[in-house]
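Notes follow once the structure below has been shown.
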Amino acid sequence: MAARWRPEGIDHVGIAVRSIAVSSRLYAQLGVEVGPPEHLPDDAVSAAFIVLGAVRIELLEPLGPEGPVARFLVRRGEGIHHIAFAVGDIVQALEHARHEGFRLIDDVPRRGAHNSRVAFLHPKDTHGVLVELVERAAS
Ligand code: CO
């Protein structure tokens, strides 16, 4: 039977950059403002958000030579890193993904930017696109 569960929309698109400061200057030239960076030690990155209408873009800069984004930059260079689905209940979303046979990078949600709760699906099961699930903090 077709799944009834579905994401609420796109929460953001994640882009791996070597330097948020350098990228911010480029986006400023395009008339786009980048928000203040936030350290996310769990992911070994600093993250800063661009809000463009209904769409958010997350710039990810590695905090050091280790970690998934640092490895991504070595392997693939700067560019789109992941797409994030907004979900109402991340525990339920993970349960659904597991039930549908997806391998999970995160079995349990962890803390993302702005006190959100996030989890990643394994890109081998999503045709090479890293998918993040995001439950935003209640504001
Ligand atoms: Co993200």
Side-chain angles (χ1 to χ4, degrees):
M1 201 176 102
R4 298 303 304 253
W5 180 88
R6 59 171 56 90
E8 295 173 350
I10 298 295
D11 187 84
H12 63 268
V13 174
I15 297 180
V17 299
R18 293 198 176 84
S19 162
I20 286 173
V22 170
S23 292
S24 295
R25 288 197 287 278
L26 172 126
Y27 283 105
Q29 287 176 293
L30 295 170
V32 176
E33 191 186 336
V34 178
E38 176 183 358
H39 277 214
L40 300 172
D42 283 1
D43 294 320
V45 293
S46 182
F49 279 86
I50 293 167
V51 180
L52 262 182
V55 176
R56 299 194 311 154
I57 296 170
E58 176 184 45
L59 301 181
L60 297 163
E61 172 189 331
L63 293 174
E66 298 299 322
V69 173
R71 288 195 293 274
F72 179 91
L73 285 170
V74 169
R75 229 172 38 241
R76 316 250 306 246
E78 292 182 305
I80 293 183
H81 178 260
H82 65 270
I83 187 163
F85 292 168
V87 301
D89 180 335
I90 195 162
V91 173
Q92 193 188 5
L94 278 175
E95 196 50 52
H96 176 80
R98 194 180 287 117
H99 182 259
E100 291 295 323
F102 289 94
R103 281 171 288 180
L104 309 176
I105 291 179
D106 302 295
D107 283 318
V108 293
R110 55 204 171 78
R111 196 183 84 80
H114 308 138
N115 287 317
S116 59
R117 296 205 297 161
V118 306
F120 284 88
L121 308 184
H122 201 288
K124 285 200 171 133
D125 292 339
T126 52
H127 299 261
V129 177
L130 183 59
V131 174
E132 179 182 19
L133 305 172
V134 179
E135 178 189 315
R136 285 205 207 182
S139 48

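All residue numbers refer to positions in the sequence shown, counting from 1. Both counts, for ligands and for their atoms, begin at 1 and track the order of listing.
Distance alone, capped at 3.5 Å, is enough to place a donor-acceptor pair between the H122 side chain and the K124 backbone. Put simply, the side chain of E61 gets close to the backbone of I20: a donor and an acceptor are under 3.5 Å apart. Judged by distance alone, the side chain of E58 and the main-chain N or O of A47 form no donor-acceptor pair under 3.5 Å. For D125 (side chain) and R103 (main-chain N/O), a donor-acceptor pair under 3.5 Å exists by modelled atom type.
Among protein atoms, those of element N, O or S found less than 2.8 Å away from the Co ion (ligand 1) are H12 NE2, E58 OE1, H82 NE2, E132 OE1.
Residue V34 is tested with I50, L26, V51, I57 for a side chain to side chain contact (heavy atoms under 4.5 Å, CB included); the sole match is I50.
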For this session: Could you go through the salt bridge (charged side-chain N to carboxylate O under 4.0 Å, His left out) check for D42 and R111 one step at a time?
Result: CA-CA 8 Å; D42 283 1; R111 196 183 84 80; over 6 Å; no

